[in-house]
Trainee: 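Okay, here's the structure, questions in a sec.
Side-chain atoms are counted along with the backbone in the values below, which use heavy atoms only and exclude waters and symmetry mates. Everything numeric in this text was worked out from a predicted model, so none of it was measured.
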Amino acid sequence: MEQRLTIVGLGVNNLEVSNDFYENTFGWKKLKSSNESISFFQLNGILLSLYPKDKLAEDAGVSHEGNGFKAFSLAFNTRTKDEVDDLVADFQEKGVKIVKQPEEVFWGGYSGYIADPDDNLWEIAFNPFLLLDEQGNAIEEK
């Protein structure tokens with residue numbers, strides 16, 4: 001199997017609310033292939049899809065019930081600590097749930113956490129050990 005990720009699919013409680021969050025709070029644009037049943041957002045080299053949670057569970061053949069920590073987070077890495085503070089402050093002004101204010105963290109970086117309308121965790125982080133290319137792709141040092 002090739003070492004790559006194509007789509008991150010999030011099961012959401014309300015597609016309209018989630019679309020509004022990702023379009024108007026994050027400022028992302030949906031792809032034309034989105035429709036009333038599913039949304040796609042082009043990220044760097046992968047897609048983020050939003051799909052009703054019950055339908056996603058049905059497709060996978062599992063129960064859609066559950067709560068608490070989902071045992072994963074999504075991350076947006078910045079190029080500076082100040083950018084972390086600016087983004088989190090902007091999200092707070094927009095009424096986004098701030099799970100953890102930005103702070104120096106044990107691994108040597110600086111990060112905070114926000115939550116989308118379905119409580120999916122987004123880490124907003126500056127990692128001094130992670131190189132980003134011009135498009136924001138994580139790259140290995142040469």
Trainee: Considering the options F26, F76, Y113, F21, which one meets the ring pair (Phe, Tyr, Trp, His ring centres under 6.0 Å) requirement together with F91?
Mentor: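 Going through the options one by one, the only one that passes is F26.
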Trainee: Distance from L15 atom CG to E36 atom CD, nearest 0.5 Å?
Mentor: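 Going from the CG atom of L15 to the CD atom of E36 covers 9.5 Å.
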Trainee: What is the distance from atom CG of D85 to atom OH of Y110, rounded to the nearest 0.5 Å?
Mentor: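 If I round to the nearest 0.5 Å, the distance is 3.5 Å.
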Trainee: Is there a donor in the side chain of S18 and an acceptor in the side chain of D118, or the other way round, less than 3.5 Å apart?
Mentor: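 Per modelled atom types, S18 and D118 side chains form a pair under 3.5 Å.
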Trainee: Examine the side chains of N77 and N127 and answer whether a donor and an acceptor come within less than 3.5 Å of each other.
Mentor: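 Not at all, the side chains of N77 and N127 share no donor-acceptor pair under 3.5 Å.
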Trainee: When clusters are formed by joining ILVMFWY residues with side-chain heavy atoms under 4.5 Å apart, either directly or through shared neighbours, do V12 and V8 land in the same one?
Mentor: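 They do share one cluster, since a chain of ILVMFWY contacts under 4.5 Å joins V12 to V8.
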Trainee: If you take all heavy atoms of F41 and E23, which pair is closest and at what distance?
Mentor: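 Nearest pair, atom of F41 first, then E23: CE2-CG, 3.9 Å.
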Trainee: Check P128 against G108 and note the closest heavy-atom contact, atom names and distance.
Mentor: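 Minimum heavy-atom separation between P128 and G108: CG-O, 3.4 Å.
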Trainee: If I take atom CG from residue N120 and atom CG from residue L50, how far apart are they, to the nearest 0.5 angstrom?
Mentor: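 These two atoms lie 9.0 Å from each other.
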Trainee: Write down the atom of E134, the atom of R79, and the distance for their closest heavy-atom approach.
Mentor: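 Heavy-atom minimum between the residues: O-NH2, 3.4 Å.
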Trainee: Flag yes if more than 12 heavy atoms outside E103 fall under 6.0 Å of its CD atom; otherwise flag no.
Mentor: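 More than 12 within 6.0 Å, yes.
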Trainee: Taking all atoms of both residues into account, what is the closest heavy-atom pair of K94 and N24, and its distance?
Mentor: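 Heavy atoms only, the tightest pair is NZ-O, 4.0 Å.
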Trainee: Counting N and O atoms only, with roles assigned by atom type, does the side chain of T78 sit under 3.5 Å from a partner on the main chain of A125, one being a donor and the other an acceptor?
Mentor: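 At least one qualifying donor-acceptor pair exists.
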Trainee: Would a distance-only check, ignoring hydrogens and angles, find a side-chain to backbone donor-acceptor pair under 3.5 Å from S34 to F40?
Mentor: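 The answer is yes, because a donor-acceptor pair under 3.5 Å joins these two groups.
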Trainee: So, do Q42 and K29 sit near enough that their side-chain heavy atoms are less than 4.5 Å apart?
Mentor: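 No, their side chains stay 4.5 Å or more apart.
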Trainee: How far does CG of L10 sit from OH of Y22, to the nearest 0.5 angstrom?
Mentor: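 Result: 5.0 Å between the selected atoms.
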Trainee: Give the intermediate values and the outcome of side chain to side chain contact (heavy atoms under 4.5 Å, CB included) for residues K55 and I38.
Mentor: CA-CA 10 Å; K55 298 290 186 190; I38 191 167; over 6 Å; no
Trainee: Quick one: CZ on R4 to CD1 on I46, what's the gap to the nearest 0.5 Å?
Mentor: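 Output value for this atom pair is 12.0 Å.
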Trainee: Can you find a heavy atom in the side chain of I114 that is under 4.5 Å from one in the side chain of K97?
Mentor: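 Of all side-chain heavy-atom pairs linking K97 with I114, none is under 4.5 Å.
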Trainee: Check this for me: K100, atom NZ, are more than 12 non-hydrogen atoms of other residues, nucleotides or ligands nearer than 6.0 Å?
Mentor: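 It does: K100 NZ has more than 12 such atoms within range.
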Trainee: Any link between F126 and I124 through a network of hydrophobic side chains (Ile, Leu, Val, Met, Phe, Trp, Tyr) touching at under 4.5 Å?
Mentor: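 Looking at the clustering, I124 is in the same group as F126.
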Trainee: Grab the two heavy atoms, one from G45 and one from N137, that are nearest each other, plus how far apart they are.
Mentor: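 Looks like N-OD1, 4.3 Å.
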Trainee: Rounded to the nearest 0.5 Å, how far apart are CG of L48 and CG of L74?
Mentor: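 Result: 7.0 Å between the selected atoms.
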Trainee: Establish whether F129 and L132 are linked, either directly or via other cluster members, by ILVMFWY side-chain heavy-atom contacts under 4.5 Å.
Mentor: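 Looking at the clustering, L132 is in a separate group from F129.
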Trainee: In this structure, would W28 and L31 fall into the same cluster of hydrophobic residues linked by side-chain contacts under 4.5 Å?
Mentor: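 Different hydrophobic clusters.
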Trainee: Side-chain heavy atoms under 4.5 angstrom apart, residues restricted to Ile, Leu, Val, Met, Phe, Trp, Tyr: same cluster for L5 and F72?
Mentor: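 Yes.
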Trainee: Of all heavy-atom pairs between V105 and S111, which one has the smallest distance, and what is that distance?
Mentor: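 Result for this residue pair: CG1-OG, 3.6 Å.
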Trainee: Is K70 atom NZ crowded by more than 12 heavy atoms from other residues, nucleotides or ligands, each under 6.0 Å away?
Mentor: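 Result for NZ/K70: enclosed.
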